[in-house]
K.L.:
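Pasting a structure here, questions to come.
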Amino acid sequence: MTTQSHLERLNPEQRAAIETTEGPLLVLAGAGTGKTRVLTTRFAHILLSGHAKPWQILAVTFTNKAAREMRERISALIGEPAEGLWLGTFHALCARMLRRHAEYVGLTSGFLILDTDDQLRLVKQVVEPWRIDVKRWPLPGLLGVIQRWKDRGLTPDRVTGAEDCGYADGHARAIYAAYQTRLRELNACDFGDLMLHIVEILRTRPDVLEQYHRLFRYILVDEYQDTNTVQYLWLRLLARREGAPSNICCVGDDDQSIYSWRGAEVENILRFEKDFPGAKIVRLERNYRSTAQILGAAAGLIAHNDGRLGKTLRPGREDAQGLPVQIISTWDSDAEARDVCQRIETLRRDDHALGEMAILVRAGFQTRAFEERLVQFGIPYRIVGGLRFYERAEIRDALAYMRVLINPVDDLAFERIVNVPKRGVGTAALQKLHAEARARRSGLAEAVESLLQSDGFRGKSRERLASLMDVFSGQRRTLEKEGHVVAVNGLLEDSGYLEMWRNDTSPDAPGRLENLKELVRALADFGTLGEFLEHVSLVMDAEGAAEEARVSVMTLHGAKGLEFDTVFLPGWEEGVFPSQRTLDEGGDKGLEEERRLAYVGITRARHRAVILHAASRRIYANWQESMPSRFLDELPDEYVEREGETPTRRDRQDYSGFFSNSVFSDSQNSTMAPLVAKRRRVSPVHEDLMNSAPQIEVGVRVFHQKFGSGVVVSADRGATEVAFEESGTRRVMSSYLQVMSD
DNA sequence: GTCGTTGGCATTTTT
DNA sequence: TGCCAACGAC
C-alpha cells in the first residue's frame with residue numbers, strides 16, 4: 001500500500017492540506033470543496049506514511065454521523081477496519097477520557113450520563129429550596145443558563161457575580177452549584193459535564209495532561225467554526241505541547257457557522273493564527289458540487305458579511321454552467337407550498353429523483369404547510385429532524401427500565417418508570433418515596449421495598465409495586481444466567497410495559513411497539529447491557545432507513561453537510577428569514593448568522609436552487625403581511641431570475657401604490673404572484689397604472705384582499721398602516737391595497 | 001390519583 | 001392554529 005495512490009486526483013490545495021502534517025494548520029474548506037475527503041485522506045496519510053500509530057491520532061467531529069462516515073472512509077483508505085482509534089464526537093471522546101479519570105472530579109468510572117429529561121427532573125428537585133417562581137423563570141431556561149456556563153468552561157466557582165445575569169432572581173449560580181453537587185452525589189454527568197470535567201482535570205492535573213500530550217501526536221478537528229469555548233479549551237490544552245509542535249489541524253468554514261445560539265464561537269476559527277503561532281492556512285475554494293450560478297449567487301450573498309476570513313468559491317467542475325437561481329414570488333404561504341409541489345411534480349415527470357430534492361425551511365412551523373400539500377399532491381416525502389429515535393418517549397422509558405435493571409439506585413430512571421404503566425404512584429406517593437429514601441439514605445427502589453414491608457402502600461398500588469420489584473429481581477437473575485437480550489425482553493414484557501402499548505388505541509402505538517422491537521434488536525449487537533446504554537446515551541441516532549425516493553423536508557440547520565440536486569428555499573421574508581427573533585436578540589451579529597444560514601441553504605444545491613417568498617403568511621392564527629427578505633436583494637442579479645415578482649425592498653418605492661384598482665382576482669388559481677410584472681421590464685400598461693394610481697394617503701379608505709376594508713392611518717414607503725374594520729390596525733404593503741372610491 | 005379543561009405559547013438543537 | 005403544561009373537578 002503506497003501513500004501516493006491516495007494523493008492522486010486531489011487538487012493542489014487539498015494536497016497541501018493533507019501533506020502539511022507538522023505544525024498547526026487551518027483548512028478553510030468552503031461548501032462542497034471536498035472537506036471530508038481531505039480529513040480522511042489526511043488521517044490515512046499520517047498513518048500510511050508512518051508518522052503515527054492509529055491510536056496516536058485524535059480525530060474529533062460534532063456528530064455521530066460525521067464520525068461514522070470518517071471511520072468508514074478511513075477503513076476504505078487503509079484497507080482494514082479502523083478500530084481502536086480516538087475518533088469520535090467531542091462528547092464521546094471526553095466520556096472515554098473521563099471514565100479513566102473520573103475520581104479527580106468526584107465521580108467513579110461508572111458514572112451515568114443523563115438525558116435532558118433526567119436533567120429537568122434533577123433541577124426540579126434541586127431548585128426547591130429557592131422557591132423559584134417557575135412561571136417567571138421556567139426550568140428549561142435555567143438549565144439553559146447553566147448549560148451556557150458549561151459551554152464556556154465555567155465551573156460554579158468560576159462564574160462571577162456579574163455573570164449571574166439575573167435569571168431566577170440572581171440565584172442561578174447558587175442553583176448551578178447545588179445542581180453540580182447533586183450530580184456528583186448521583187455519580188452522574190450531563191452532556192455539558194463531559195467536556196467541563198475533563199477540561200477541569202486537564203487544567204489541574206499536569207500529570208494527566210502530560211499523559212495525553214505523549215499519546216496524541218496529531219489532532220484533527222472537523223467543523224471547527226462550531227466549537228464552543230470548552231471544546232476550544234480542551235483542544236488547546238491537548239494541542240499545546242511543551243517543546244513539541246502543535247500538530248493540530250482544524251477544518252472548518254467561518255461562513256457556515258450557524259450555531260452561535262448553542263454556544264459556538266466563530267471567534268475560535270477567526271483567532272486560530274493567534275492561538276497557534278506559526279499556523280499555516282490552506283483555503284479550499286474549488287467547489288465540485290454546484291453550478292457556477294449557484295456559487296455566484298451564494299458568494300454575492302455572503303459577501304455582505306463583515307469579518308470573514310475571506311474565501312471565494314470557484315466552480316471546480318467543467319460542466320458547471322447551469323440554471324440561474326430562481327426567485328419566486330407568491331401570493332401567500334399556501335400558494336408557496338402549492339408552487340413548490342407543482343415544481344416537484346414537473347421535475348418528477350422529467351425523471352428527476354425525489355430523493356434528490358429538498359425543501360429547506362428556516363423553522364419547524366413552516367413544514368406543516370408543505371406536509372399538507374405534499375400529501376395532497378401524492379408526493380412521497382419525509383420530514384427530517386423532529387424527534388430522534390432515542391428521544392422518543394417509549395425508547396426513553398425502555399432505556400430507563402434497563403438502567404434500573406443494571407443499577408437499582410438509578411433514581412432518575414426509576415422515577416421515570418415507576419408509574420409507567422400506571423401503578424397508582426402519583427405525586428403524593430412519590431413524595432413519600434423520596435422521604436423514605438432520604439430517611440434510609442438509600443435509593444428509591446430500596447425505599448419501595450421498605451415501604452412494602454412496612455405496609456406503606458395499600459391495595460392495587462401495593463400489589464403492582466411488589467410485582468414490579470419482583471420482576472426486576474427476577475430479570476436481574478436472568479441477566480446473569482441468560483444474558484441481556486433475554487433479560488430485557490422479560491423485563492419489558494413482565495413489567496407490563498409492552499402490554500401498555502399493545503392496549504393503547506392511539507394511532508401511533510403500533511409504531512412505538514415497532515421502535516421498541518428495533519431497540520431490543522439493537523441490544524444483540526452489544527456484549528453487555530452497560531455497553532449498550534453507553535452507546536445509546538452518546539451515539540445512537542436515527543440512522544435513516546436507506547435513501548428512499550422521497551422529498552426531504554427539513555430545517556436549514558438540519559441540512560448542513562448535505563447536498564441535493566434541487567433545493568427549494570421557501571419563506572425568504574423579513575421576520576421569517578432573517579428571523580425576527582434573531583434580529584431582536586442578536587442584532588447585526590444575528591443578521592450575519594442568518595445570512596450564513598442562507599448561504600448554507602443555497603450551497604446545498606447542485607443544479608437547481610429555487611427561492612420563494614410569499615406576500616402574506618399565516619403564522620399561527622392570523623395572516624401577516626410579509627416583506628421580501630433583504631437577502632433577496634443581496635443576490636447578484638446576474639445569477640438569478642425573478643419570477644412573479646412582488647416589489648422587493650429595492651424598488652418598493654417605485655411600486656408602492658402601484659396596484660390600486662386592480663388586479664389580483666385569481667390568487668387561488670395562479671401559482672404566480674399577484675403581480676404580473678417582471679423586474680426591470682415594466683410594461684407600458686403597468687407604467688400607465690402606476691401613473692394613474694390614486695395616492696395612498698392618511699385618511700384614505702382602502703380595501704385589502706385578506707383584511708377587508710379600512711382607513712389608512714400612516715403611510716410610509718411600501719409599508720402602510722391601516723385600521724381595518726374587521727381585523728384591527730396592521731402594517732401591510734401598500735401594493736396590496738386598493739383605494740376605494742367613495 | 002386520574003381525567004378533562006383551560007390558558008399560555010410558539011426559532012434554529014450536532015451531543 | 002394546535003400543543004403541552006398546569007390546574008381543578010371527580
Side-chain angles (χ1 to χ4, degrees), chain A residues 60-69 88-95 113-116 119-120 134-135 138-140 144 147 150-151 189-196 222-223 225-228 230-231 256-264 333 360-369 372 384-388 390-391 393 419 422-431 457-461 535-542 554-562 571 575-586 590 593-594 596-598 600-601 617-624:
Chain A
V60 202
T61 64
F62 272 85
T63 66
N64 293 304
K65 197 174 156 214
R68 212 180 304 129
E69 190 179 334
T89 63
F90 276 98
H91 294 269
L93 291 166
C94 283
I113 299 167
L114 301 190
D115 65 24
T116 38
Q119 286 181 51
L120 206 59
V134 291
K135 278 256 155 59
L139 295 181
Q147 192 55 54
K150 291 186 176 182
D151 285 344
C189 269
D190 65 19
F191 271 112
D193 284 338
L194 296 173
M195 298 290 321
L196 187 69
D222 192 14
E223 307 278 20
Q225 77 284 352
D226 287 337
T227 49
N228 62 30
V230 236
Q231 289 160 342
Q256 291 186 68
S257 163
I258 54 174
Y259 281 107
S260 74
W261 49 276
R262 264 186 122 278
S333 38
L360 308 181
V361 297
R362 175 61 182 79
F365 71 84
Q366 292 170 264
T367 55
R368 177 173 289 156
E372 284 166 8
V384 183
L387 275 193
R388 277 181 298 277
Y390 64 90
E391 282 173 340
N419 202 33
K422 298 260 185 297
R423 298 190 180 90
V425 182
T427 37
L430 207 55
Q431 254 166 22
F457 294 107
R458 305 256 157 217
K460 274 236 166 90
S461 67
H535 174 83
V536 162
S537 56
L538 286 171
V539 177
M540 199 148 168
D541 51 7
M554 63 179 108
T555 63
L556 288 158
H557 284 92
K560 192 172 149 204
L562 304 178
V576 176
F577 191 37
S579 136
Q580 191 56 50
R581 193 139 156 198
T582 303
L583 259 34
D584 292 345
E585 285 166 13
E593 183 150 314
E594 294 285 298
R596 290 194 289 268
L597 200 49
V600 167
R617 179 169 297 274
R618 211 164 77 170
I619 294 176
Y620 310 125
N622 38 11
W623 288 93
Q624 263 182 356

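Quick note on labels: first sequence line is chain A, next is B, and so on, each numbered from 1.
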K.L.:
Between the base of dT13(B) and the ring of Trp261(A) - centre-to-centre under 5.5 Å, planes within under 30° - is that a stack?
P.N.:
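Answer is no, no stack.
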K.L.:
Taking atom C1' of dT13(B) as reference, at what distance in whole Å does atom NE2 of His557(A) sit?
P.N.:
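Distance check: His557(A) NE2 to dT13(B) C1' gives 8 Å.
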K.L.:
Using a 4.5 Å cut-off on heavy atoms from C-beta on, say whether the side chain of Val600(A) contacts that of Arg596(A).
P.N.:
no
K.L.:
For Glu594(A), report the nucleic acid contact type (base, sugar-phosphate, nothing); a contact means any heavy atom under 4.0 Å.
P.N.:
base
K.L.:
Check whether any side-chain N or O of Glu372(A) sits under 3.5 Å from a backbone N or O of Ala369(A) as a donor-acceptor pair, and report yes or no.
P.N.:
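No, the answer is negative, given that no donor and acceptor are paired below the 3.5 Å cut-off.
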K.L.:
What is the distance from CD of Gln366(A) to P of dA10(B), rounded to the nearest Å?
P.N.:
17 Å
K.L.:
Using heavy-atom distances to pick each residue's nearest nucleotide on DNA chain B, tell me which of Glu585(A) and Asn419(A) is more 5'.
P.N.:
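Between the two, 5'-proximity favours Asn419(A).
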K.L.:
Would you grab the first and last nucleotide of DNA chain C (5' to 3') that comes under 4.0 Å of any non-hydrogen atom in chain A?
P.N.:
dT1(C) to dG2(C)
K.L.:
Using a 4.0 Å heavy-atom cut-off, does Gly385(A) contact any base of the nucleic acid, only the sugar-phosphate backbone, or nothing at all?
P.N.:
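Here Gly385(A) touches no strand at all.
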K.L.:
By the 4.0 Å heavy-atom rule, please label Ala66(A) as base, sugar-phosphate, or nothing.
P.N.:
nothing
K.L.:
Which one of Gln256(A), Lys560(A), Gln231(A) satisfies the side chain to side chain donor-acceptor pair (under 3.5 Å) criterion with Asp226(A)?
P.N.:
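Testing Asp226(A) for a side chain to side chain donor-acceptor pair (under 3.5 Å) against Gln256(A), Lys560(A), Gln231(A) leaves exactly one candidate, Lys560(A).
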K.L.:
Quick one: label Ala92(A) by what it contacts on the DNA or RNA (base, sugar-phosphate, nothing), any heavy atom closer than 4.0 Å.
P.N.:
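No contact at all - Ala92(A) keeps every heavy atom at 4.0 Å or more from the nucleic acid.
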K.L.:
Return the value, rounded to whole Å, for the distance between atom CZ of Arg581(A) and atom C1' of dT12(B).
P.N.:
10 Å
K.L.:
So do His557(A) and Trp261(A) actually touch side chain to side chain, heavy atoms under 4.5 Å?
P.N.:
yes
K.L.:
Side chain of Ala363(A) only, heavy atoms from C-beta on: which candidate in dG1(B), dT12(B), dT15(B) is closest?
P.N.:
dT12(B)
K.L.:
Could you tell me how far apart Asp193(A) (CG) and dT15(B) (P) are, to the nearest whole angstrom?
P.N.:
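For the pair Asp193(A) CG and dT15(B) P, the rounded distance is 18 Å.
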K.L.:
Counting any heavy atom closer than 4.0 Å, what does Tyr259(A) reach on the DNA or RNA strands: base, sugar-phosphate only, or nothing?
P.N.:
base
K.L.:
What's Arg618(A) touching, base or sugar-phosphate or nothing? Going by heavy atoms closer than 4.0 Å.
P.N.:
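Nothing, no nucleic acid heavy atom in range.
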K.L.:
Please report the distance, rounded to the nearest Å, between CD in Glu593(A) and P in dT13(B).
P.N.:
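To the nearest whole Å, that distance equals 13 Å.
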K.L.:
In the structure I gave you, are the side-chain heavy atoms of Met554(A) and Val361(A) within less than 4.5 Å of one another anywhere?
P.N.:
no
K.L.:
Check the pair Leu120(A), Leu139(A) against side chain to side chain contact (heavy atoms under 4.5 Å, CB included), reporting the backbone distance first and the verdict last.
P.N.:
CA-CA 7 Å; Leu120(A) 206 59; Leu139(A) 295 181; 4.1 Å; yes
K.L.:
Donor-acceptor pair, distance only, cut-off 3.5 Å: does the side chain of Asn64(A) make one with the backbone of Leu538(A)?
P.N.:
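Indeed, once roles are kept as given, a pair shorter than 3.5 Å links the two residues.
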K.L.:
Which part of the nucleic acid does Thr61(A) contact within heavy-atom distance under 4.0 Å: base, sugar-phosphate only, or nothing?
P.N.:
nothing
K.L.:
Which of these nucleotides, dG1(B), dT12(B), dT15(B), is closest to any side-chain atom of Leu538(A)?
P.N.:
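In terms of side-chain proximity for Leu538(A), the closest of dG1(B), dT12(B), dT15(B) is dT15(B).
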K.L.:
Between Glu593(A) (side chain only) and Ser260(A) (backbone N and O only), is there a donor and an acceptor less than 3.5 Å apart?
P.N.:
yes
K.L.:
Any base atoms under 4.0 Å from Lys560(A), or only sugar-phosphate, or nothing? Heavy atoms, all strands.
P.N.:
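Answer is nothing: Lys560(A) stays at 4.0 Å or more from every strand.
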K.L.:
On DNA chain B, compare the nucleotides closest to Thr89(A) and Arg423(A); which residue's is nearer the 5' end?
P.N.:
Arg423(A)
K.L.:
Nearest whole angstrom, please: distance from the P of dG8(B) to the NZ of Lys135(A).
P.N.:
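So the NZ-P distance, Lys135(A) to dG8(B), works out to 9 Å.
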K.L.:
Nearest to the side chain of His91(A), which nucleotide is it out of dT13(B), dG1(B), dT15(B)?
P.N.:
dT15(B)
K.L.:
State which of dT15(B), dG1(B), dT13(B) makes the closest approach to the side chain of Thr555(A).
P.N.:
dT13(B)
